[in-house]
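Keep in mind it's a predicted model, so treat the numbers as computed, not measured. To find a chain, count down the sequence lines: A is the first, B the second, and so on, and within it residues start at 1.
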2 protein chains.
Amino acid sequence: MRYRRVPDETIRRLPKYLRALLLLMDRGQKTVSSVALADLMGGNPGRVRKDFSYFGGFGKRGFGYDVETLAGEIRKILRLNVVNKAALVGVGNLGRAILAFPSLKKYGFEIVAAFDNDPKKIGEKAGGIVIEHISQICDLEQRGVYVGIIAVPRQAAQQTADDLLEAGVRGIVKFSQGYITVPKRVKVITIDIAMDFARLPYYMPRSPSRAAAFRRTGSL
Amino acid sequence: MRYRRVPDETIRRLPKYLRALLLLMDRGQKTVSSVALADLMGGNPGRVRKDFSYFGGFGKRGFGYDVETLAGEIRKILRLNVVNKAALVGVGNLGRAILAFPSLKKYGFEIVAAFDNDPKKIGEKAGGIVIEHISQICDLEQRGVYVGIIAVPRQAAQQTADDLLEAGVRGIVKFSQGYITVPKRVKVITIDIAMDFARLPYYMPRSPSRAAAFRRTGSL
DNA sequence: CGCTGTGAAGTGCTTCACAGCC
DNA sequence: GGCTGTGAAGCACTTCACAGCG
């Protein structure tokens with residue numbers, strides 16, 4: 001597929017469209033209009049149509065979009081239509097939470113290996129996976145693993161990234177705080193929930209909201 | 001403080017500036033230039049200066065920014081300079097991970113109450129907090145709690161939001177999957193790590209990256 | 001002289017409005 | 001008639017480049 005220049009913002013929304021579509025499928029809804037989708041996602045219907053138009057457009061005029069088809073197309077674009085095997089490094093509290101996180105599987109991710117440097121944890125099982133020693137990170141590529149997940153203390157983040165890349169990983173999800181440097185063709189996604197929390201107080205009203213509590217607007 | 005119209009994108013970056021500054025403080029660095037900050041954050045130095053200029057500008061010409069002062073100003077803008085008490089609803093795996101998450105405290109958040117509907121969990125301690133029954137969510141406002149954290153199964157998300165708002169909460173961080181509807185003055189931040197994972201395969205190279213593994217560019 | 005603060009220019013995303021199909 | 005697909009207009013953020021101050 002050759003697409004015309006797709007805005008990063010559009011790519012950022014695709015997973016959210018997919019989430020909405022999965023919800024609609026759960027509800028047994030077969031078809032959806034750009035207006036209904038925009039409503040669910042909180043946005044403009046035109047933007048919904050434009051987002052899909054970058055890939056050629058998936059709808060039928062007069063009908064809307066077939067929910068299942070659209071979900072399939074988005075999965076193809078994002079390459080979630082195949083299983084993406086991942087390796088986790090750092091099996092602390094956070095690592096265990098990630099291993100136990102149910103919805104990753106829904107989006108095609110499967111954590112197939114877990115590494116730690118604590119000798120006491122080696123051989124132990126977490127989330128159905130045997131924990132291996134960090135020194136065993138090598139040839140992840142041969143094991144079909146292209147995604148690395150970093151959940152180590154921040155001092156170890158760079159070393160872990162280097163090890164993962166050396167083992168053949170092509171993309172990284174980093175939960176650790178420290179900064180890391182990687183070759184530019186490797187994509188790193190940083191997840192830090194504190195960054196999201198930190199935006200909240202700025203937007204909170206200074207006076208109570210109870211009075212208005214049941215005048216609802218928009219969905220999230 | 002009355003600021004001229006501040007872009008949402010700028011607000012979104014403020015927590016990241018703060019994180020970078022905390023790192024610099026750890027390193028004992030007293031002062032920083034817009035170039036150095038842009039370098040750490042991955043962006044343009046002009047943007048750094050413009051971001052701060054929306055609030056009047058915090059630097060000294062010829063010197064740069066005083067790390068500690070700048071961190072303090074950002075905390076004030078984001079209202080992280082006071083303790084933000086939060087209540088967690090849903091003490092499952094995810095809820096416990098949130099309770100154990102260390103860096104929330106660094107940004108001024110303190111989870112002071114935890115609720116669940118499972119009778120077996122009531123009275124139990126998690127993260128140093130006694131778990132209360134959901135029916136006890138009331139007058140959180142009187143307890144000084146303005147932030148609600150939703151970590152319940154998605155079917156219960158809307159009811160939980162209603163309960164939290166009724167109890168006087170003014171802002172919500174939602175980890176649950178379901179959509180919720182709230183009055184528009186209430187800010188809801190949705191965190192779904194699967195959405196971040198789902199962007200990764202799109203950006204990953206199709207061929208191995210090992211060859212280039214040590215030609216590093218940019219920090220994250 | 002160095003580095004910030006900022007209007008002005010540039011860029012990219014969003015919204016609009018309507019043509020095009022089903 | 002209904003709803004998508006899309007060029008064009010509008011808007012917001014980013015980048016530039018230089019004036020201004022320490």
How does each nucleotide of nucleotides 15-22 of chain C score, in 5' to 3' order, for protein heavy atoms under 4.0 Å: base (B), sugar-phosphate only (S), or none (-)? BSB-BBBB
For residues 71-91 of chain B, which residue pairs qualify under ring-ring contact (aromatic ring centres under 6.0 Å, His included), counting only residues two or more places apart or in two chains? none
Taken in chain and number order and not counting sequence neighbours, the residues that satisfy side chain to side chain donor-acceptor pair (under 3.5 Å) with B/S33 are none
Residues 81-99 of chain B side chain polar contacts: donor-acceptor under 3.5 Å, at least two apart:
from	atom 1	to	atom 2	distance (Å)
B/N84	ND2	B/R79	O	3.0
B/R96	NH1	B/E124	OE2	3.3
B/R96	NH2	B/E124	OE2	3.2

Residue B/R13, side-chain heavy atoms: nucleotide from D/dT14, C/dT4, C/dC13 that is nearest: D/dT14
Between [atom2] of [N] and [atom1] of [X], the distance in whole Å:
{"X": "B/L37", "N": "C/dC3", "atom1": "CG", "atom2": "C1'", "value": "13 Å"}
{"X": "B/F52", "N": "C/dC3", "atom1": "CZ", "atom2": "P", "value": "16 Å"}
{"X": "A/I11", "N": "C/dC13", "atom1": "CD1", "atom2": "P", "value": "11 Å"}
{"X": "A/R12", "N": "D/dC13", "atom1": "CZ", "atom2": "C1'", "value": "15 Å"}
{"X": "B/D8", "N": "C/dG12", "atom1": "CG", "atom2": "P", "value": "21 Å"}
{"X": "A/Y54", "N": "C/dT14", "atom1": "OH", "atom2": "C1'", "value": "9 Å"}
{"X": "B/F58", "N": "C/dT6", "atom1": "CZ", "atom2": "C1'", "value": "15 Å"}

Taking side-chain contact (heavy atoms from CB on, under 4.5 Å) as the definition, give me every residue that meets it alongside B/P153, ordered by chain and number, with sequence neighbours left out. B/Q155
Just jot down the salt bridge (Lys or Arg N to Asp or Glu O under 4.0 Å) partners of A/R12, sequence neighbours excluded, or say none. none
For A/Y65, report the nucleic acid contact type (base, sugar-phosphate, nothing); a contact means any heavy atom under 4.0 Å. sugar-phosphate
Say whether A/Y203 and B/D8, considering side chains only, have a donor N or O and an acceptor N or O under 3.5 Å apart. yes
At under 4.0 Å, does any side-chain N or O of A/S34 touch on OP1 or OP2 of D/dT4? yes
